[in-house]
Enquirer: 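Dropping the structure in here first, questions after.
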Amino acid sequence: MEESEKTESSEGEKGRIRKRSFLLEVDAWIDSTLYESRFAAAEFWEEIIIFFRRFRARGFKRFLVEILGESATLGAGGLVVMLMLALPASEEIAGNWREQDEFAVTFLDRYGNEIGKRGILHSDAVPIDELPDHLIKAVLATEDRRFFDHYGIDIFGLVRAMSENVRANTVVQGGSTITQQLAKNLFLTPEQSLERKIKEAFLAMWLEANLSKEEILKLYLDRAYMGGGTFGVAAASEFYFGKDVRNVNLAESAMLAGLFKAPANYAPHINLPAARARANEVLTNMVQASFMTEGQVTGARRHPADAVLRDTADSPDYFLDWAFEETKNYMISNRLPNRSIVVRTTLDRDLQRASEEAVQFFLRQNGKQYNVSESAVVLIENNGAVRAIVGGRDYGESQFNRATAAERQAGSSFKPYVYAAALENSDLTPDSVVRDGPVTWRGWSPKNYGRSFRGNVTLATALAKSINTVPVRLARDYLKGTDQIVELTHRMGITSPIIKHHTMVLGTSGITVLDQATGYLAFASGGYAHRRHAFTQIISVAGDALYKKDDTEFVGDRILSEETTLYMNQMLANVPKWGTGRRADLKMTTAAGKTGTTQSYRDAWFVGYTGNFTAAVWYGNDNYMPTNRLTGGSLPAMTWQRIMEFAHTGIELKAIPGIPQPDNGQQKDTSQDAIAEAAEQGARPRVLSAAMSGFLNRLGERLESAKPLNADDLTVASTRPK
């Protein structure tokens with residue numbers, strides 16, 4: 001036993017010795033390897049240095065090497081910057097961008113009259129190889145002569161356009177290629193900004209990489225706005241000449257090609273002399289581009305195209321653009337397979353014309369005085385039906401819909417949402433007293449418009465006089481932040497992204513005109529979130545009803561209590577009576593609303609409602625340049641009043657919830673007989689069309705810029721033979 005135990009002990013000792021020996025060997029190997037690696041690395045680095053010393057440049061060669069090295073560094077940085085700039089453009093192509101071409105929609109107004117069309121089916125489009133050769137040449141000669149030679153961006157064409165513009169001291173040529181224009185039409189808005197131009201350039205190169213030249217040209221010819229509510233050369237040919245685009249002659253092709261620049265100015269059914277003059281320029285372009293000889297275009301010059309007589313009433317294009325998007329969203333979300341459909345919209349053409357006329361009138365009369373160039377209007381009946389949309393002063397000049405797409409700062413017109421949230425979540429009333437004095441919230445100290453303070457005021461006075469410090473105190477002291485305000489705006493139907501920054505209580509967040517009208521609709525409807533809608537019926541070309549709005553269908557949740565709604569209506573009714581919106585007051589019915597003016601006078605608003613309609617009016621400039629001290633209580637309030645005076649003529653007047661109609665002897669007879677008689681007699685006044693207003697604008701500009709006549713001119717004129 002003892003011998004076996006000794007043997008086992010000896011073997012265990014040997015095992016431990018072998019283990020220690022192995023560990024020592026590993027440790028020694030690691031130490032030696034690291035030691036040798038250090039010397040090996042030093043030797044390798046020395047060899048590299050010795051190797052590169054052979055290529056050490058001196059003198060002029062060294063200068064070139066330094067230039068190349070810096071260029072490589074700057075190039076790498078430039079690539080990073082280019083990738084950063086390309087990322088926003090890549091977001092535009094994330095969805096199915098061809099989807100917008102898969103619908104052909106005929107739109108009717110609320111009474112069933114056709115008002116326009118949108119979309120085009122690929123199966124209905126005319127193939128590019130079936131279009132007349134002279135039409136293709138006319139378009140390329142005028143819009144992009146080097147179309148088949150560039151890769152989306154034409155540097156030579158851009159330089160040529162810049163030199164011509166400098167020589168003429170005005171903009172006579174554009175540098176955008178057809179591909180860039182298509183990128184704008186497919187993915188972007190016409191808003192003038194550096195960000196949009198950068199996106200446009202990247203998207204143009206993407207289109208060139210993914211589509212053939214023929215496909216790009218075909219899409220451009222199918223999607224460009226051609227005036228008269230038409231899109232694409234095929235529709236324009238039918239509208240202006242009453243013939244298939246395959247059969248247009250050279251003179252007609254030149255007239256069509258001339259529409260791409262400014263369809264509102266050169267539409268032949270409105271201004272045939274201007275259209276013919278523009279077509280003559282196109283023929284000259286074709287000769288200069290060596291696409292045709294002077295002899296070949298002489299016949300077209302001597303016999304210019306004639307247009308089919310059309311009604312010059314403008315198409316409600318801004319409304320149709322929005323209704324088209326709403327229709328597509330409904331069809332796609334409900335997975336309806338139909339692509340050719342007829343849609344009965346909520347548009348009232350009389351209200352649309354009146355809204356357009358009001359915008360044109362005040363821009364024509366006061367635009368220069370206030371340094372304001374654009375306006376937008378949305379008019380909604382209080383059941384949620386959108387009756388009119390004005391997205392800008394001239395659709396032909398800019399198809400950017402400022403009513404539905406432009407998110408502009410709301411200014412004080414945002415304050416009612418703050419007051420509503422405070423009343424809904426506290427025991428405040430319109431008679432509650434809040435101090436108007438210096439206030440600071442998270443380092444921010446807002447001031448009032450007049451740089452003065454009133455001391456203790458009621459909420460009703462603070463809202464009517466648009467005092468800035470009071471909504472700040474409401475959000476800070478009663479709501480403990482902005483979360484409840486943002487939540488309420490979303491429940492009221494506003495889809496614009498509202499920032500939660502504490503300055504938002506004074507309207508620093510961007511919001512669309514459509515959203516403003518939708519938000520105030522909750523006050524007009526008694527505290528319910530009505531669903532704004534663009535159409536009441538969708539029918540397939542075969543006559544099958546795909547959708548029909550039920551008048552009894554659910555209109556929305558109650559989002560404000562009856563008490564809060566009553567308080568808000570009482571306070572907002574004070575604004576046109578004795579507040580900042582006195583120019584919006586109506587004689588025949590009670591009006592309620594709020595003015596809004598943003599910092600540096602960049603945006604001016606009036607948003608208001610009656611028992612019948614809710615409307616939002618905005619004025620400003622596309623480039624965000626300040627106006628000449630334009631406030632919401634001036635042009636916006638006056639425009640709102642002009643539209644509402646027209647809208648309430650000859651209809652049954654309804655009361656704002658909680659506010660009785662005025663009994664001042666001016667109340668209209670709203671019996672059914674009186675309404676019918678007013679309709680027969682055309683009680684609503686006639687208004688100028690947008691086309692006529694645009695003509696008067698251009699005529700006024702020409703008269704202002706015309707050279708004054710002197711005595712010699714009058715003498716010469718009097719001696720001319722009669």
Side-chain angles (χ1 to χ4, degrees), residues 89-105 117-154 157 174-190 196-197 199-239 244-246 248 253 256-261 263 317 320-321 324-325 328 332 339-340 398-400:
S90 64
E91 296 175 0
E92 304 291 341
I93 58 177
N96 182 7
W97 58 271
R98 288 184 182 271
E99 192 174 80
Q100 55 192 328
D101 291 330
E102 294 179 355
F103 289 88
V105 185
K117 297 180 180 181
R118 285 294 185 271
I120 182 171
L121 286 175
H122 293 295
S123 58
D124 296 335
V126 179
I128 191 74
D129 56 357
E130 294 183 17
L131 293 175
D133 181 64
H134 47 69
L135 174 60
I136 301 297
K137 289 179 177 178
V139 173
L140 294 180
T142 305
E143 298 297 317
D144 189 358
R145 298 179 188 179
R146 289 172 35 83
F147 174 69
F148 288 100
D149 298 324
H150 61 67
Y151 198 72
I153 302 175
D154 185 8
S176 295
T177 64
I178 282 179
T179 314
Q180 287 177 275
Q181 295 179 56
L182 176 62
K184 181 179 68 175
N185 291 339
L186 286 176
F187 306 109
L188 306 174
T189 68
R196 199 267 295 169
K197 293 297 292 183
K199 284 184 178 181
E200 180 184 291
F202 280 107
L203 290 170
M205 291 186 288
W206 182 87
L207 286 172
E208 292 279 354
N210 289 271
L211 300 177
S212 67
K213 286 289 187 179
E214 288 73 17
E215 289 177 307
I216 292 173
L217 184 58
K218 180 65 175 64
L219 284 172
Y220 178 72
L221 294 175
D222 282 345
R223 288 193 52 80
Y225 179 65
M226 305 293 284
T230 62
F231 286 81
V233 292
S237 176
E238 291 284 353
F239 183 79
D244 190 286
V245 70
R246 300 175 181 87
V248 294
S253 294
L256 289 175
L259 291 171
F260 288 92
K261 179 181 180 180
D317 292 306
L320 292 179
D321 286 349
F324 185 45
E325 294 299 322
K328 289 193 300 182
I332 294 172
R339 287 298 182 263
S340 294
S398 171
Q399 291 85 57
F400 178 57

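Quick note: numbers below take in every heavy atom, side chains included, and nothing from hydrogens, waters or symmetry partners. Just so it is clear, the model here is predicted, and its values are computed rather than measured.
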Enquirer: Is the Phe260 to Tyr220 ring centre distance short of 6.0 Å?
Expert: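 Yes, ring centres under 6.0 Å apart.
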Enquirer: How far apart are the closest heavy atoms of Thr142 and Ala257, and which atoms are they?
Expert: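 Distance-wise, the nearest heavy atoms are CG2-O, 4.4 Å.
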Enquirer: Could you state the interatomic distance from OG (Ser212) to CD1 (Ile128), rounded to the nearest 0.5 Å?
Expert: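 Rounded to the nearest 0.5 Å, the OG-CD1 separation comes to 9.5 Å.
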Enquirer: If we only count heavy atoms from C-beta on, is the Met226 to Val233 side-chain gap below 4.5 Å?
Expert: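 In short, these two side chains touch, coming nearer than 4.5 Å.
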Enquirer: Is the shortest side-chain heavy-atom distance between Glu214 and Phe148 below 4.5 Å?
Expert: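 Of all side-chain heavy-atom pairs linking Phe148 with Glu214, at least one is under 4.5 Å.
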Enquirer: Is there a side-chain contact between Ile178 and Leu217, using heavy atoms and a 4.5 Å cut-off?
Expert: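 They are in contact (side-chain heavy atoms under 4.5 Å apart), so the answer is yes.
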Enquirer: Starting at CG of Leu256, measure out to CG of Leu259 and round the result to the nearest 0.5 Å.
Expert: 6.0 Å
Enquirer: Taking only Lys NZ, Arg NE, NH1 and NH2, and the carboxylate oxygens of Asp or Glu, determine whether Lys213 and Glu208 approach each other closer than 4.0 Å.
Expert: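 Looking at Glu208 together with Lys213, the answer is yes, because their closest N to O distance falls below 4.0 Å.
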Enquirer: Where do Pro263 and Gly227 come nearest, in terms of heavy atoms and distance?
Expert: CB-N, 3.4 Å
Enquirer: For the side chain of Arg223 and the backbone of Leu219, is there at least one donor-acceptor N/O pair under 3.5 Å apart?
Expert: no
Enquirer: Between Tyr225 and Thr230, is a side-chain contact (heavy atoms from CB on, under 4.5 Å) present by the stated rule, with each step listed?
Expert: CA-CA 6 Å; Tyr225 179 65; Thr230 62; 5.7 Å; no
Enquirer: Which residues satisfy the side-chain hydrogen bond (donor to acceptor under 3.5 Å, both in side chains) test with Asp144, sequence neighbours excluded?
Expert: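 By the side-chain hydrogen bond (donor to acceptor under 3.5 Å, both in side chains) rule, Asp144 matches His150.
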Enquirer: Less than 4.5 Å apart, any side-chain heavy atom of Val126 and any of Arg246?
Expert: yes
Enquirer: What residues form a side-chain hydrogen bond (donor to acceptor under 3.5 Å, both in side chains) with Lys218, not counting sequence neighbours?
Expert: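 Applying side-chain hydrogen bond (donor to acceptor under 3.5 Å, both in side chains) to Lys218 gives Asp222.
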Enquirer: Of all the heavy-atom pairs spanning Ala183 and Ala204, show the shortest one and how long it is.
Expert: CB-N, 4.1 Å
Enquirer: Look only at the side chain of Glu130 and the backbone of Pro127, and say whether a donor-acceptor pair between them is shorter than 3.5 Å.
Expert: no
Enquirer: Could you check whether Arg339 makes a cation-pi contact with Phe103, meaning its NZ or CZ is under 6.0 Å from the centre of the six-membered ring and within 45° of the ring axis?
Expert: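 Output yes; distance and angle both within limits.
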Enquirer: Can you tell me how far the OG atom of Ser176 sits from the CD atom of Glu143, to the nearest 0.5 Å?
Expert: 9.5 Å
Enquirer: Does the side chain of Arg118 reach to within under 4.5 Å of the side chain of Phe231, using non-hydrogen atoms?
Expert: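 Side-chain contact under 4.5 Å: yes.
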Enquirer: Specify the closest pair of heavy atoms between Gly119 and Phe324, including all atoms of both residues, with the distance to one decimal.
Expert: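 Reported closest heavy-atom pair: CA-CZ, 3.7 Å.
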Enquirer: Between Phe147 and Thr179, is any pair of side-chain heavy atoms under 4.5 Å apart?
Expert: yes
Enquirer: Would you indicate whether the side-chain heavy atoms of Leu221 and Ile136 approach each other to under 4.5 Å?
Expert: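 Of all side-chain heavy-atom pairs linking Leu221 with Ile136, at least one is under 4.5 Å.
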Enquirer: Quick check: does any side chain N or O of Gln180 sit under 3.5 Å from a backbone N or O of Thr177, one acting as donor and the other as acceptor?
Expert: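 Side chain of Gln180 to backbone of Thr177: a pair is present.
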Enquirer: Rounded at 0.5 Å granularity, tell me how far CD in Gln399 sits from CG in Asp321.
Expert: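 Gln399 CD to Asp321 CG: 8.0 Å, rounded to 0.5 Å.
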Enquirer: Of the non-hydrogen atoms in Leu182 and Ile216, which two are nearest, and what is the gap between them?
Expert: CD2-O, 3.6 Å
Enquirer: With sequence neighbours excluded, tell me which residues meet side-chain hydrogen bond (donor to acceptor under 3.5 Å, both in side chains) with Ser237.
Expert: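 By the side-chain hydrogen bond (donor to acceptor under 3.5 Å, both in side chains) rule, Ser237 matches no residue at all.
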